[in-house]
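Side-chain atoms are counted along with the backbone in the values below, which use heavy atoms only and exclude waters and symmetry mates. Since the structure is predicted, the reported quantities are computational estimates derived from the model, not experimental observations.
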Amino acid sequence: MSETRKKKKGIVMWVIIGLLIIGLGGFGLTGAFQTTGGTAVATVGDQEITAERFINDFQQDIRFTSEQLGRNLTTEEALSFGIDQTSLRRQITLRALANESDRLKISVGNAAVRDALLANPAFQIAEGIFSEATYDLVLNQQRMSREEFENLLREDEAQNLINSAISAGVGPQDTAARVLLDFIGETRDILWAEIDERVLTTETPPPDEAAIQAYYDANPDEFTTPETRRITYAILTPEIITGLIDISDEEVRDFYLRQTAQFNTPAQRILDRLYFPTEQEALDALARIESGEASFQDIADEYQLNLHITQLGVVRAGQLPEAASELLFASNETGMFGPVDTEDGPTLYRVNAAIQEQNLKLADVADDIRTSLAAEQAGTLMLTMIGDIDDLIASGASLEELADETDMELRNIDFNAESTEAIASDQAFVAEALAAEPGEERDLIELESGSIMVLRVDEIIESRLKPLSEARDLAIAGATRVATVKRVQEYADELQARVEAGADLGGTLIAIGLTPDTETGITRTAPPTGLPPLVGQQLFEQDLDEVKTYPSETGAYIVQVNSISPFDPQSENGKAFMAQADSQMRADIATDLYILYANGVVANTEITVNQSIIDQVLNGGLGGAGGPRHVPN
């Protein structure tokens, strides 16, 4: 259970509950905060899943999924996604494991439960100090008794015992770790370059008819027009409404006078500071900072100056000592200044930003003020207009009539996947355009921009493959491009042959005007920058000093492996990697074994699910008919 699956009711209490959840996270006590009741939706061996426990868990899963999707999920959507079944399966697994622990008589004593309880930071008012009042408060918030919670905690500790026993049976994974690290730990040094049409000394000749036809036949998508919806729409934008509003000069002047401080601000600086016992220490620190020997923060740490001391933030000249003010406001330069004698001692200042004085006259800002005031009034006017427009639509007015009788503007767009108009990227418009049937007058909708509009799809123009006669220029360009890439690749193959015959790759590339790139210490998990990921993997199949070419969209890459260093398990890093890989593999195997154990327990436990009760609970009641169904082993 995670904190994000609980609805926040108060910062402090929910931080406590979040810590409680973390404390229970070792085994994943998803049902830890459930109330109990008398109606079972399922029996699992000798254990029960109550209706309250099931519905609470289901609701938590809905909240969790909603947060993942970034929107509130309805119950109907949750059911269609199968979230109810996921919640039920998890509860069945947890109850089956608890039932098996009871059958095997695996449990922990009160001392172990007490230790786990006292160690849980959710119930501590200070580090290491358990608060009984906080414990009761948290449980009361979750409508749980001490006995209920401590029983769940005991079950969790019992499962941890089983998990620990399984983990202890997993032996060292030295061989597997070595195989893995031999693969991902090998490093290579390479020299490479991208070969493109710059190496060609002549233009590619025009393609013949066969090449043009071949390119046309092989690339139908390039010559197919997208399905297009020819749309007429009436729209009312904030800009249209703003243009209808007349703001007087008196209103502009009144606003300017009320907000004069906004338009007339003194010069300011964003500052940090360091102060020292002596001027010499300040000068030494300044020299170290300016030489790059130490950073500002390094000096602050040495003198134990925390952020509350060093950060001054935005300040005006009058807020500083006179000498500091004169120095820092004498220019608009940023950087280190000082030292300056202050009551705190010799002080260095760092100017992070210099904000210049602003004195804006009414004439300078009148247009902006007028626009701002008009925008404020536009919202109210928009609401009034929406009512009138809705009434006209309800009475059967066409888009053309809306444009004639209101301030809406009539516009057109040929909308398809290649549309570049701003409205074509508005998701509300896109959804409406795709949902509309030809000739259908749609309802008024609001766009992301704050505009309102109503549209009509006048015609749907189906996608079509252009005939070669119509697409001939595109086909010629494409066929020429293919021929050029082929020539470049042939040139790269010739370079490879020359290097294999004894030429130096780096010198050869420089001679033809290309600058080779050198990459050192690359691995399969840290491939070279600039090369496609696939090439970065394929070059590990090359031998030492081998040169190979790889095709690209514009020509080819040529790569030579200059050094191969196998993974060294005896180096300090190698030993650390081996230990880390061994630990991770053992943990992964232990997890897989525990999952197998849990699946086996569930498969061998008698489980009965009362689907009718589940249906009634999900529908908000416990009435109705239906009986239990047996879940076979």
Student: Step through the shown structure and confirm whether more than 12 heavy atoms of other residues, nucleotides or ligands are within 6.0 Å of CD on Glu197.
Tutor: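 No, because the 6.0 Å sphere around CD of Glu197 holds 12 heavy atoms or fewer from other groups.
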Student: Restricting to side-chain hydrogen bond (donor to acceptor under 3.5 Å, both in side chains), what partner residues turn up for Asp196, sequence neighbours left out?
Tutor: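 Partners of Asp196 under the side-chain hydrogen bond (donor to acceptor under 3.5 Å, both in side chains) test: Arg198.
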Student: Check Ile413 against Ala424 and note the closest heavy-atom contact, atom names and distance.
Tutor: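 Closest approach of Ile413 to Ala424, heavy atoms only: CD1-CB, 4.4 Å.
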Student: side-chain contact (heavy atoms from CB on, under 4.5 Å), that's the test. Do Thr75 and Leu618 meet it? Break it down for me.
Tutor: CA-CA 8 Å; Thr75 300; Leu618 294 175; 5.6 Å; no
Student: Report the residues that fulfil side chain to side chain contact (heavy atoms under 4.5 Å, CB included) with Glu250, sequence neighbours left out, ordered by chain and then residue number.
Tutor: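 Glu250 satisfies side chain to side chain contact (heavy atoms under 4.5 Å, CB included) with Ser248, Arg253, Asp254 once adjacent residues are dropped.
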Student: How long is the span from the CD1 atom in Ile231 to the CG atom in Asn412, to the nearest 0.5 Å?
Tutor: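 The distance works out to 10.0 Å.
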Student: Begin from the C-alpha positions of Phe296 and Thr310 and carry the test side-chain contact (heavy atoms from CB on, under 4.5 Å) through to its verdict.
Tutor: CA-CA 10 Å; Phe296 185 94; Thr310 62; 4.3 Å; yes
Student: For residues 218-226, which side-chain donor-acceptor pairs fall under 3.5 Å, sequence neighbours excluded?
Tutor:
from   : atom 1 : to     : atom 2 : distance (Å)
Asn219 : ND2    : Tyr215 : O      : 2.9
Glu222 : OE1    : Tyr215 : OH     : 2.6
Glu222 : OE2    : Tyr215 : OH     : 3.4
Thr224 : OG1    : Pro220 : O      : 2.7
Thr225 : OG1    : Arg464 : N      : 3.2
Thr225 : OG1    : Arg464 : O      : 3.4

Student: Once you round to the nearest 0.5 Å, how far does CG of Leu444 lie from CG of Leu236?
Tutor: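 Answer for the CG-CG pair, Leu444 versus Leu236, is 9.0 Å.
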Student: Could you work out, with side-chain hydrogen bond (donor to acceptor under 3.5 Å, both in side chains) as the rule, every residue matching Ser425, not counting sequence neighbours?
Tutor: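 So Ser425 forms no side-chain hydrogen bond (donor to acceptor under 3.5 Å, both in side chains) with any residue.
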Student: Would you list the pairs meeting salt bridge (Lys or Arg N to Asp or Glu O under 4.0 Å) in which at least one residue belongs to residues 417-436, sequence neighbours left out?
Tutor: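 Applying salt bridge (Lys or Arg N to Asp or Glu O under 4.0 Å) to every pair that reaches into residues 417-436, excluding sequence neighbours, yields Glu432-Arg442.
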Student: Once rounded to the nearest 0.5 Å, what's the spacing between atom CD of Gln311 and atom CG of Leu271?
Tutor: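 Going from the CD atom of Gln311 to the CG atom of Leu271 covers 11.5 Å.
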Student: Only distances under 3.5 Å count here; give the side-chain donor-acceptor pairs of residues 315-329 to other protein atoms, sequence neighbours excluded, each with its distance to 0.1 Å.
Tutor:
from   : atom 1 : to     : atom 2 : distance (Å)
Gln319 : OE1    : Arg316 : N      : 2.6
Ser325 : OG     : Ala317 : O      : 3.3

Student: Measure the NZ-OG1 distance between Lys486 and Thr204 for me, rounded to the nearest 0.5 Å.
Tutor: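 Output value for this atom pair is 11.5 Å.
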Student: Counting only heavy atoms not in Asn72 (residues, nucleotides, ligands), do more than 12 fall under 6.0 Å from its CG?
Tutor: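 Not more than 12 within 6.0 Å, no.
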Student: I need the minimum non-hydrogen distance between Leu348 and Pro339, along with the two atoms involved.
Tutor: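 In this case the closest contact between Leu348 and Pro339 is CD2-N, 3.6 Å.
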Student: Taking side chain as C-beta onward, heavy atoms only, is Glu194 less than 4.5 Å from Thr554?
Tutor: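 A side-chain contact under 4.5 Å exists here.
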Student: Return the CZ to CG distance between Phe255 and Leu362, rounded to the nearest 0.5 Å.
Tutor: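 It comes to 11.5 Å.
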Student: Under the side-chain contact (heavy atoms from CB on, under 4.5 Å) criterion, do Arg53 and Asp57 qualify, and how do the steps go?
Tutor: CA-CA 6 Å; Arg53 177 178 292 246; Asp57 198 58; 5.6 Å; no
Student: Has the side chain of Ser66 got a donor or acceptor atom that lies under 3.5 Å from a matching backbone atom of Leu73?
Tutor: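 Yes; judged by distance alone, with no hydrogens or angles, the pair exists.
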Student: Which residues pass the side chain to side chain contact (heavy atoms under 4.5 Å, CB included) test with Ser451, not counting sequence neighbours?
Tutor: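 Scan of Ser451 (side chain to side chain contact (heavy atoms under 4.5 Å, CB included), adjacent residues dropped) gives Ile235, Thr237, Pro238, Leu447, Ser449.
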Student: Taking the side chain as every heavy atom from C-beta outward, state whether Ile522 and Pro527 have any pair of such atoms under 4.5 Å apart.
Tutor: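 In short, these two side chains do not touch, never coming nearer than 4.5 Å.
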Student: Under 4.5 Å between any side-chain heavy atoms of Arg269 and Asn332, yes or no?
Tutor: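 A side-chain contact exists here, since the closest heavy-atom pair is under 4.5 Å.
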Student: With sequence neighbours left out, which residue pairs that include part of residues 391-401 fulfil the salt bridge (Lys or Arg N to Asp or Glu O under 4.0 Å) condition?
Tutor: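 Output for this query lists Glu400-Arg456.
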Student: Please identify each residue that fulfils side chain to side chain contact (heavy atoms under 4.5 Å, CB included) with Glu437, with sequence neighbours left out.
Tutor: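 Per chain and number, Glu437 pairs via side chain to side chain contact (heavy atoms under 4.5 Å, CB included) with Glu440.
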Student: Counting C-beta onward and ignoring hydrogens, is there a side-chain heavy-atom pair between Ile423 and Tyr233 closer than 4.5 Å?
Tutor: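 Yes. Closest side-chain heavy atoms under 4.5 Å.
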Student: Residues two or more places apart in sequence or in another chain: which of them pass side-chain hydrogen bond (donor to acceptor under 3.5 Å, both in side chains) with Gln297?
Tutor: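 Counting only residues at least two positions away or on another chain, Gln297 forms a side-chain hydrogen bond (donor to acceptor under 3.5 Å, both in side chains) with Asp301.
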Student: If only side-chain N and O atoms count, and only distance matters, is there a donor-acceptor pair under 3.5 Å linking Asp414 with Thr228?
Tutor: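 Looking only at side-chain atoms, Asp414 and Thr228 do not form any donor-acceptor pair under 3.5 Å.
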Student: Please give me the minimum heavy-atom distance between Glu227 and Ser463, naming the atom from each residue.
Tutor: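 That closest heavy-atom pairing would be N-CB, 3.6 Å.
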Student: Could you report the tightest heavy-atom contact between Asp84 and Phe54, atom names first, then the distance?
Tutor: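 In this case the closest contact between Asp84 and Phe54 is O-CE1, 3.7 Å.
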Student: Salt bridge check, Glu209 against Arg472: does any charged N sit closer than 4.0 Å to a carboxylate O?
Tutor: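 So Arg472 pairs with Glu209 through a salt bridge.
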Student: Does any part of the side chain of Thr406, heavy atoms only, come nearer than 4.5 Å to the side chain of Met385, both counted from C-beta?
Tutor: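 Not touching, per the 4.5 Å side-chain cut-off.
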Student: Does the side chain to side chain donor-acceptor pair (under 3.5 Å) test come out yes or no for Arg230 and Asn416, once each step is laid out?
Tutor: CA-CA 9 Å; Arg230 187 154 288 165; Asn416 57 47; over 6 Å; no
Student: Measuring from Asp272:CG to Leu307:CG, what's the distance to the nearest 0.5 Å?
Tutor: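 Asp272 atom CG to Leu307 atom CG measures 8.5 Å (nearest 0.5 Å).
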Student: Compare all side-chain heavy atoms of Thr334 with those of Asn352 and state whether any distance is below 4.5 angstrom.
Tutor: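 SC-SC contact between Thr334 and Asn352 ruled out.
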Student: With a 4.5 Å cut-off on side-chain heavy atoms, are Tyr349 and Thr342 touching?
Tutor: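 When only atoms from C-beta onward are counted, Tyr349 and Thr342 do touch, with a gap below 4.5 Å.
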Student: Do Ile289 and Leu274 pass the side-chain contact (heavy atoms from CB on, under 4.5 Å) test, and can you show the C-alpha distance, the side-chain angles, and the key distance before you say yes or no?
Tutor: CA-CA 12 Å; Ile289 292 172; Leu274 298 167; 4.2 Å; yes
Student: What residues, two or more places apart in sequence or in another chain, satisfy side-chain hydrogen bond (donor to acceptor under 3.5 Å, both in side chains) together with Glu553?
Tutor: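 Checked Glu553 against side-chain hydrogen bond (donor to acceptor under 3.5 Å, both in side chains); zero matches.
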Student: Considering non-hydrogen atoms only, spot the tightest contact between Glu448 and Ala428 and give its length.
Tutor: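 In this case the closest contact between Glu448 and Ala428 is OE2-N, 4.3 Å.
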Student: Could you tell me whether the side chain of Thr529 reaches within less than 4.5 Å of the side chain of Glu519, counting heavy atoms only?
Tutor: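 Yes, side chains in contact.
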Student: Does anything in residues 407-450 form a ring-ring contact (aromatic ring centres under 6.0 Å, His included)? List the pairs, not counting sequence neighbours.
Tutor: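 Those involving residues 407-450 are Phe415-Phe429.
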Student: Distance-only, no hydrogens or angles: does the Arg273 side chain make a donor-acceptor pair with backbone N or O of Ile309 under 3.5 Å?
Tutor: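 Yes, the answer is positive, given that a donor and an acceptor are paired below the 3.5 Å cut-off.
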Student: Give the minimum heavy-atom separation between Leu399 and Leu455, together with the two atoms involved.
Tutor: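 Heavy-atom minimum between the residues: CD1-C, 3.9 Å.
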Student: Donor-acceptor pair, Arg229 side chain versus Ala436 backbone, under 3.5 Å?
Tutor: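 Indeed, once roles are kept as given, a pair shorter than 3.5 Å links the two residues.
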